[in-house]
Amino acid sequence: MSTVQSDLTKALVIHPALAGAADLRSEQARLEEAVGLAGAIDLEVAHAAVAPLHRPRPATYLGEGKVAEIAAILNARDPRPGLVVVDCALSPVQHRNLERAWNAKVLDRTALILEIFGARAQTAEGRLQVELAHLTYQRSRLVRSWTHLERQRGGRGFLGGPGERQIEADRRALADRIDRIKEKLDQVRRTRSLQRAKRKKAPHPVVALVGYTNAGKSTLFNRLTRAQVLAKDLLFATLDPTMRAITLVSGERVVLSDTVGFISDLPTQLVAAFRATLEEVLEADVIVHVRDASHIDAEAQRQDVLAVLRELGVRDEGGPPVIEALNKIDLLDAEEKQTLRAACRLSRERAIFAIDEPVRVAISAVTGEGVDELLSLIDDLATEHRETVTVAVPATDGAARARLYEISTVLSEERTDETALITVRIAEKPRGQFLKSFPHARLVASAVEQRYRA
Ligand SMILES: Nc1nc2c(ncn2[C@@H]2O[C@H](COP(=O)(O)OP(=O)(O)OP(=O)(O)O)[C@@H](O)[C@H]2O)c(=O)[nH]1
């Protein structure tokens with residue numbers, strides 16, 4: 001054991017690049033993303049490098065020479081970094097061997113992302129989901145390490161590692177804890193679906209912001225709502241969906257929902273947690289896919305997001321309309337902007353709004369450029385199935401009036417002694433239900449909204 005003090009806030013970041021791996025992203029971009037992930041849990045990155053390799057070594061993943069080289073880098077630093085992030089999925093044995101060889105704590109990609117999710121979870125549900133993912137990760141490692149060792153060493157255990165009995169006990173304890181968390185999660189989810197049902201009763205369209213991590217969703221959400229949501233240059237600033245109502249130019253109210261940032265190679269343990277967090281997206285009336293148009297890997301990020309959306313069950317046809325907000329155009333030069341704008345115009349003419357052929361709009365969430373255009377697109381989509389109608393309600397019927405305010409967007413109200421004339425924007429179904437429940441109310445005027453889509 002080394003006597004040199006190690007500093008657990010300082011880390012090396014290694015991105016192992018397998019030769020011949022099919023990858024849309026450059027190795028350098030992958031390394032940069034890993035450095036960004038490390039920064040998201042406040043690690044100070046002392047050194048970052050790509051480690052090319054032909055094939056993973058079963059004992060340490062990286063080759064012997066590379067392992068020694070990294071040990072030397074660690075030893076040469078004062079204070080000695082206490083952590084090494086290895087940006088790939090390590091087997092438990094590789095993990096343990098590397099920790100020994102480097103005398104440092106090792107985080108693989110899964111562990112790193114779990115740490116970030118843990119640090120960002122805000123609601124009870126988010127925290128429970130992350131804990132569940134963490135425990136499932138631990139359990140899979142216990143199982144895998146045990147079967148692996150049994151095969152290799154005839155079940156004798158591994159150099160002072162936990163014995164078979166200990167592992168059994170650990171597994172049982174983990175299983176109990178996992179069951180308890182699942183129960184709690186069920187409770188929390190029931191409450192949430194009640195809340196969702198309530199929101200449905202007030203039929204404001206839901207607009208979900210989705211996008212790759214760091215694309216600028218929270219910044220845009222803040223600009224649109226002027227609410228204070230955590231928006232820093234951090235990955236996953238928003239693990240839990242955040243919802244706010246906003247009023248559009250037409251007077252229509254929509255609920256804006258900010259969701260967790262997507263990321264490539266999401267660990268399997270987190271896919272379930274992710275799915276629950278993104279349930280809102282499935283029920284959205286409009287999806288706004290926020291993209292960082294200035295990012296070198298913009299296209300690869302887009303493909304990752306589309307893959308997750310499809311996996312979630314968002315369909316190419318018949319799903320909610322999709323708008324792509326090409327964000328951060330303030331970082332582009334004049335020529336790039338022009339090309340982007342031309343593509344946006346073309347997509348608007350086509351007006352398809354499909355997941356792989358969306359309508360695009362160029363924006364900057366920071367400067368506000370293009371944001372009004374985005375809002376007017378949302379407005380068009382949100383109001384397309386609605387009609388503006390005027391309803392006459394007896395002035396004494398407070399319940400009918402209150403109900404109307406609950407289920408529609410009220411545009412104006414005129415009152416005489418006997419009647420309230422309320423002009424609202426409302427979809428067909430809630431209108432029919434309202435007229436049935438309140439037979440004294442009468443429809444006095446109706447005008448079909450202009451539709452954006454033919
Ligand atoms: N220059 C520029 N920077 C932007 C713009 N929009 C967002 N950013 C910056 O990009 C970084 C990430 O923005 P966020 O809004 O936190 O991104 P996010 O998509 O919510 O990120 P996650 O929560 O990780 O999913 C922040 O530093 C923002 O200031 C933009 O239009 N222009």
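Just so you know, ligand 1 is whichever comes first in the structure, and atom 1 is the first atom listed for that ligand. Basis for what follows: all heavy atoms, side chains included, without hydrogens, waters or symmetry-related copies. Every value quoted in this text rests on a predicted model; they were computed, and no experiment measured them.
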Enumerated ligand 1 atoms positioned under 4.0 Å from heavy atoms of S218: 15 (O), 18 (P), 20 (O)

Against heavy atoms of L331, which atoms of ligand 1 measure under 4.0 Å?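 Answer, ordered by atom number: 1 (N).
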
A215 to ligand 1, any heavy atom closer than 4.0 Å: yes

Below 4.0 angstrom, N of the basic side chain to O of the carboxylate: do [X] and [Y] qualify?
| X | Y | value |
| --- | --- | --- |
| E299 | R302 | yes |
| E69 | K66 | yes |
| E131 | R180 | no |
| R341 | E369 | yes |

Note: T219, heavy atoms under 4.0 Å from ligand 1, region reported as both

For ligand 1, which part of D330 has a heavy atom less than 4.0 Å away: the side chain, the backbone, both, or neither?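 Answer for D330: side chain.
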
I329 N/O under 3.5 Å from ligand 1 N/O: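 No, there is no polar N/O contact under 3.5 Å.
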
Has ligand 1 got any nitrogen or oxygen that is less than 3.5 angstrom from a nitrogen or oxygen of I363? no

If we count only N and O atoms by modelled type, under 3.5 Å, do the side chains of Q187 and E183 hold a donor and an acceptor together?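 E183 and Q187 do not have a side-chain donor-acceptor pair below 3.5 Å.
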
For D42 and T9, test the side chains for any donor-to-acceptor distance below 3.5 angstrom and give the result as yes or no.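 The criterion, which ignores hydrogens and geometry beyond distance, is not satisfied for T9 and D42.
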
Proximal candidate to atom 30 (C) of ligand 1 [heavy atom criterion; set N222, T213, V366]: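 Ranked by closest heavy atom to atom 30 (C) of ligand 1, first place is V366.
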
